[in-house]
Amino acid sequence: QVQLVESGGGLVQPGGSLRLSCAASGSIFSIEVMGWYRQAPEKQRELVAAVPSRGSIMNADSVKGRFTISRDNAKNTVYLQMNSLKPEDTAVYYCYVILSSSRSEPPRVYWGQGTQVTVSS
């Protein structure tokens with residue numbers, strides 16, 4: 001089985017920073033993409049950032065210049081450094097990974113459990 005474990009969420013004041021982590025473990029043959037979605041109350045899920053194994057890093061316009069996504073391939077871990085946080089960043093943040101569990105299996109999406117980020121004074 002494949003597991004994604006997220007950490008790093010919490011309560012922070014506007015202008016503050018948080019660093020989210022998501023570690024994948026279990027049966028992993030290859031990872032194609034690691035990234036983050038978020039979902040705020042009464043809003044649709046939004047892609048925040050993603051880092052593919054090949055190609056360019058992707059960032060949502062709403063977080064460009066403030067958030068930085070990075071990936072540690074040796075640890076199968078993706079990070080989201082969030083700076084200059086705004087109240088509108090408040091959401092549950094979900095890690096996702098597109099990976100193949102073996103050389104004979106096609107890639108599929110796995111989701112983390114979500115971590116709450118609340119930006120409030």
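We number each residue from 1, following the sequence as shown.
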Compute both the distance and the angle, then confirm whether R71 meets the cation-pi test with Y79: under 6.0 Å from the six-membered ring centre, within 45 degrees of the axis.
no
Is it possible for you to check whether R103 lies under 6.0 Å from the centre of the six-membered ring of F29, through NZ or CZ, and within 45° of that ring's axis?
no
Check whether [X] reaches the backbone of [Y] with its side chain - one donor and one acceptor, N or O, closer than 3.5 Å.
X	Y	value
T115	Y93	no
S27	S101	yes
R66	S84	yes

Assign the ring pair Y96 / W111 to parallel, tilted or perpendicular, where the plane angle (0 to 90°) is split at 30° and 60°.
tilted
Would you give the length of the straight line joining atom [atom1] of [X] to atom [atom2] of [Y], rounded to the nearest 0.5 angstrom?
X	Y	atom1	atom2	answer
S102	I28	OG	CD1	12.0 Å
R19	S7	CZ	OG	10.0 Å
S53	N73	OG	CG	6.5 Å
R38	C95	CZ	SG	15.5 Å
N76	Q3	CG	CD	13.0 Å

If only side-chain N and O atoms count, and only distance matters, is there a donor-acceptor pair under 3.5 Å linking [Y] with [X]?
X	Y	value
N83	S17	yes
T90	E88	no
S120	T118	no

Is V109 linked to Y94 within one hydrophobic cluster, defined over Ile, Leu, Val, Met, Phe, Trp and Tyr using a side-chain heavy-atom separation of less than 4.5 Å?
yes
Counting C-beta onward and ignoring hydrogens, is there a side-chain heavy-atom pair between [X] and [Y] closer than 4.5 Å?
X	Y	result
L20	M82	yes
I57	I69	yes
V51	V78	yes
F67	V48	yes
P52	M34	no
W36	E6	yes
P87	P14	yes

Any idea which heavy atoms bring I98 and P107 closest together, and the distance?
CG2-CB, 4.0 Å
Over all atoms of both residues, closest heavy-atom pair of Y110 and L4
O-CD1, 3.2 Å
For D89, is there an ion pair with K86 - N to carboxylate O distance below 4.0 angstrom?
no
Go through the steps for V33 and V97 under the test side-chain contact (heavy atoms from CB on, under 4.5 Å), then give the verdict.
CA-CA 6 Å; V33 182; V97 180; over 6 Å; no
